[in-house]
Amino acid sequence: MYATTWCGDCRFAKRWFDSHGIAYDYINIEENEQAADYVTKVNGGSRTVPTIVFPDGSVLVEPNARDLSAKFPELAK
């Protein structure tokens, strides 16, 4: 998860992952210029966060709970 500390959507995504017991790497783009460059590239020139890259290579940007739940159908069982 590419994020910033001040971003409300980032805090939401972090809480969502934590509450579902899903491990993730948290990368603060304000402290890592290479990460900031990656986020800018993935988002067509914008530093939009959270930008979440999944093991399958898919990316979600500013996802809501429904978007996140769709990535983990096993949680619905």
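Just so we're clear, the structure is a prediction, and the values are computed from it rather than from any experiment.
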Next item on the list: Establish whether F72 and V59 are linked, either directly or via other cluster members, by ILVMFWY side-chain heavy-atom contacts under 4.5 Å.
Entry: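 As far as the 4.5 Å side-chain criterion goes, V59 and F72 are not connected within one cluster.
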
Check: Would L68 end up clustered with V61 when hydrophobic side chains under 4.5 Å apart are linked, directly or stepwise?
Finding: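 Each belongs to a different hydrophobic cluster.
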
Checklist line | Non-hydrogen side-chain atoms of F17 and Y26 separated by less than 4.5 Å | finding: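 No, their side chains stay 4.5 Å or more apart.
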
Provide the closest heavy-atom pair for [X] versus [Y] in the form atom of the first, atom of the second, distance.
X   : Y   : value
P63 : F12 : O-CE2, 3.9 Å
M1  : P50 : CG-CB, 4.2 Å
A35 : I27 : CB-CG2, 3.5 Å

Next item on the list: Output, in order, the C-alpha distance, side-chain angles, deciding distance and verdict of side-chain contact (heavy atoms from CB on, under 4.5 Å) for V49 and D9.
Entry: CA-CA 7 Å; V49 289; D9 288 337; over 6 Å; no

Next item on the list: State whether Y24 and K14 meet the cation-pi test: NZ (Lys) or CZ (Arg) under 6.0 Å from the six-membered ring centroid, and within 45° of the perpendicular axis.
Entry: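 Judged by the rule, K14 and Y24 form no cation-pi pair.
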
Item checked: salt_bridge(E33, R47) N-O dist < 4.0 Å ->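 So E33 pairs with R47 through a salt bridge.
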
Notebook entry, point to check: Do NZ/NE/NH1/NH2 and the carboxylate oxygens of D18 and R11 come within less than 4.0 Å?
Noted result: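 Not counted as a salt bridge, because no side-chain N and carboxylate O are separated by less than 4.0 Å.
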
Check: If you measure from SG on C10 to CD1 on I29, what distance do you get to the nearest 0.5 Å?
Finding: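 If I round to the nearest 0.5 Å, the distance is 7.5 Å.
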
Check: CZ/R15 to NE2/H20 distance, rounded to the nearest 0.5 angstrom?
Finding: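 It is 12.5 Å, given to the nearest 0.5 Å.
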
Check: Judged by atom type as modelled, is there a donor-acceptor pair below 3.5 Å linking the side chain of S58 to the main-chain atoms of F54?
Finding: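 A pair under 3.5 Å: no.
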
Item checked: Check: V39 main-chain N/O paired with N43 side-chain donor or acceptor under 3.5 Å ->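 Checked: pair present.
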
Check: Only one of I52, I22, D56 clears side-chain contact (heavy atoms from CB on, under 4.5 Å) with K71; which?
Finding: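 Only one option passes, and that is D56.
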
